[in-house]
2 protein chains.
Amino acid sequence: MRKDISKPRNFGYVERFVEPCVLLLLSKNPSHGYGLMEGLEKHCGEKVDIGNLYRTLRKMEKNQWIKSDWEKGNIGPNKRKYEITGKGKGTLNEAYISLKQTQSLINHFFIGYKKVFGKK
Amino acid sequence: MRKDISKPRNFGYVERFVEPCVLLLLSKNPSHGYGLMEGLEKHCGEKVDIGNLYRTLRKMEKNQWIKSDWEKGNIGPNKRKYEITGKGKGTLNEAYISLKQTQSLINHFFIGYKKVFGKK
DNA sequence: CATATCTATATGTAAATATCATATAGTAAG
DNA sequence: CTTACTATATGATATTTACATATAGATATG
């Protein structure tokens with residue numbers, strides 16, 4: 001049973017922003033789900049739902065943007081270690097271009113806003 | 001029956017971006033749904049689904065961000081003319097703040113991107 | 001030793017939103 | 001009369017997210 005009913009997200013919510021962020025993080029270093037959380041909170045702001053993150057990672061793997069193998073650590077439970085693929089690098093580049101467009105879209109809004117309400 | 005199965009949107013899709021845009025446009029001049037389309041294509045980019053726009057307008061009215069009355073034009077079909085309310089102006093300001101946060105979030109991503117792939 | 005907590009991965013369910021299709025109706029043009 | 005345009009609206013469905021819960025090994029605490 002849910003404690004609280006879902007509410008609409010804030011305006012300006014960027015859909016699936018976590019995916020480019022994961023691709024960018026994995027471009028630096030291979031990592032696993034739980035370990036990605038840390039970097040994501042820096043790059044994706046606020047909180048990332050851990051359940052959704054795992055689901056997203058499996059989806060990204062299905063799309064062949066990332067691939068995984070089990071890392072049988074001598075300490076702690078096994079980790080599914082992800083790395084980015086060539087296809088994933090292409091997707092990251094596409095995301096970069098899309099996000100550039102998003103940025104200019106939002107800028108366009110701010111220009112209009114400024115015209116009506118003045119600078120601030 | 002649908003011709004095509006739905007596909008995921010591009011990365012960088014900003015959810016409910018149309019609402020702040022409508023509020024901004026109505027801050028300048030009262031208008032009606034069909035007439036808002038034109039301004040929206042400038043401020044919200046690309047295409048806005050007309051069915052979705054009408055549904056959004058009714059939802060915004062339910063939230064008391066805008067209010068409408070029927071304009072019995074001497075030419076053409078009747079138009080539901082919308083204007084922004086005081087509450088709507090407050091919502092527009094909230095959206096402005098959220099979109100500023102979104103902008104800095106995306107900027108944060110670009111900084112990380114540049115570190116890995118260099119400037120461009 | 002029993003149990004609680006932490007790391008790590010994963011799935012179930014429901015709500016919110018967008019997309020595509022379709023419905024309705026008045027008006028204008030040919 | 002039929003076609004096209006203006007204008008508003010709803011139905012069905014896919015995608016994504018939020019919140020909750022499940023599982024299991026490892027480690028710490030009493």
Side-chain angles (χ1 to χ4, degrees), chain A residues 1-22 30-40 44-63 66 68-82 95, chain B residues 1-22 30-40 44-63 66 68-82 95:
Chain A
M1 240 158 297
R2 35 183 44 220
K3 281 182 181 170
D4 219 345
I5 44 168
S6 276
K7 282 170 195 170
R9 288 179 281 276
N10 284 340
F11 294 112
Y13 184 88
V14 181
E15 204 175 84
R16 288 169 65 212
F17 187 56
V18 75
E19 294 172 53
C21 288
V22 164
S31 186
H32 61 284
Y34 203 83
L36 282 164
M37 284 294 289
E38 208 185 318
L40 285 172
C44 297
E46 301 137 328
K47 59 203 162 196
V48 178
D49 182 81
I50 184 70
N52 274 338
L53 175 58
Y54 284 114
R55 193 147 22 198
T56 299
L57 287 169
R58 305 314 302 277
K59 192 193 69 181
M60 291 172 75
E61 189 170 23
K62 202 183 279 180
N63 290 342
I66 56 178
S68 70
D69 49 34
W70 282 100
E71 197 182 35
K72 283 160 195 149
N74 31 7
I75 50 153
N78 292 352
K79 302 169 182 179
R80 188 189 283 276
K81 197 172 191 179
Y82 285 100
Chain B
M1 241 158 296
R2 34 183 45 221
K3 281 182 182 171
D4 219 346
I5 44 166
S6 277
K7 282 171 197 170
R9 288 178 279 277
N10 283 340
F11 292 112
Y13 183 87
V14 181
E15 205 175 82
R16 287 170 66 211
F17 187 57
V18 77
E19 293 171 55
C21 288
V22 164
S31 186
H32 61 284
Y34 204 82
L36 281 165
M37 284 294 288
E38 208 184 319
L40 285 172
C44 297
E46 299 138 326
K47 57 203 164 198
V48 178
D49 182 79
I50 185 69
N52 211 22
L53 176 59
Y54 284 114
R55 193 146 22 196
T56 299
L57 287 168
R58 306 313 303 277
K59 192 192 68 177
M60 290 171 76
E61 189 170 23
K62 202 181 279 180
N63 290 342
I66 56 177
S68 71
D69 49 32
W70 282 101
E71 198 182 34
K72 282 158 195 151
N74 31 8
I75 50 154
N78 291 350
K79 300 170 185 180
R80 188 189 283 276
K81 196 172 189 179
Y82 285 100

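Note on naming: letters A, B, ... go to the chains in the order of the sequence lines (proteins, then strands), and numbering restarts at 1 for each one.
Side chain N52(A) to base dA18(D): a donor-acceptor pair is found below 3.5 Å.
Residues T56(A) and V22(A) form no side-chain contact, since every pair of their non-hydrogen atoms from C-beta on lies 4.5 Å or further apart.
A close approach under 4.0 Å does not occur between any side-chain nitrogen or oxygen of R9(B) and OP1 or OP2 of dA18(C). Considering only side-chain N and O atoms, R80(A) lies under 4.0 angstrom from the phosphate OP1 or OP2 of dA10(C). When the side-chain nitrogen and oxygen atoms of R55(A) are compared with OP1 and OP2 of dA10(C), none of them lie within a distance under 4.0 Å. Contact between the side-chain N/O atoms of Y54(B) and the OP1/OP2 oxygens of dA9(D) is not found at any separation under 4.0 Å.
Rounded to a whole Å, the CZ atom of R16(A) is 11 Å from the P atom of dT15(D). Between the CZ atom of F11(B) and the C1' atom of dT15(D) there is a distance of 13 Å, rounded to whole Å. Distance W70(A) CH2 to dG25(D) P: 12 Å, rounded to the nearest Å. For Y82(B) and dT8(D), the OH to P distance is 8 Å, given to the nearest whole Å. Note: CG (L53(A)) to C1' (dA10(C)) measures 11 Å, nearest angstrom. Straight-line distance from the OH atom of Y13(B) to the C1' atom of dT17(D): 15 Å, rounded to whole Å. The CE atom of M37(A) sits 15 Å away from the P atom of dC6(C) (whole-angstrom rounding). If you take CG of N78(B) and P of dA7(D), they are 11 Å apart, rounded to a whole angstrom.
Of the candidate nucleotides dT9(C), dT8(D), dT19(C), dT19(C) has the atom nearest to the side chain of D49(B). With dA8(C), dA9(D), dA18(C) as the candidates, the nucleotide lying closest to the side chain of K79(A) is dA8(C).
One distance of note links CD of E38(A) with CG of L36(A); it measures 10.0 Å at 0.5 Å rounding. Atom CD1 of I50(A) is separated from atom OH of Y34(A) by 7.0 Å, given to the nearest 0.5 angstrom.
L57(A) comes within 4.0 angstrom of no nucleic acid atom, judged by non-hydrogen atoms across all strands. Base contact: G51(B) has a heavy atom under 4.0 Å from a base atom.
Between F17(A) and I50(A), the residue whose closest nucleotide on DNA chain D is further toward the 5' end is F17(A). When each of R58(A) and V18(B) is assigned the nucleotide of DNA chain C bearing its nearest heavy atom, the one mapping closer to the 5' terminus is R58(A).
Checking R80(B), K79(B), R58(B), H32(B) one by one against S68(B), the side chain to side chain donor-acceptor pair (under 3.5 Å) holds for a single residue, R80(B).
Looking only at distances, no side-chain donor or acceptor of E15(A) sits under 3.5 Å from a matching main-chain atom of R9(B).
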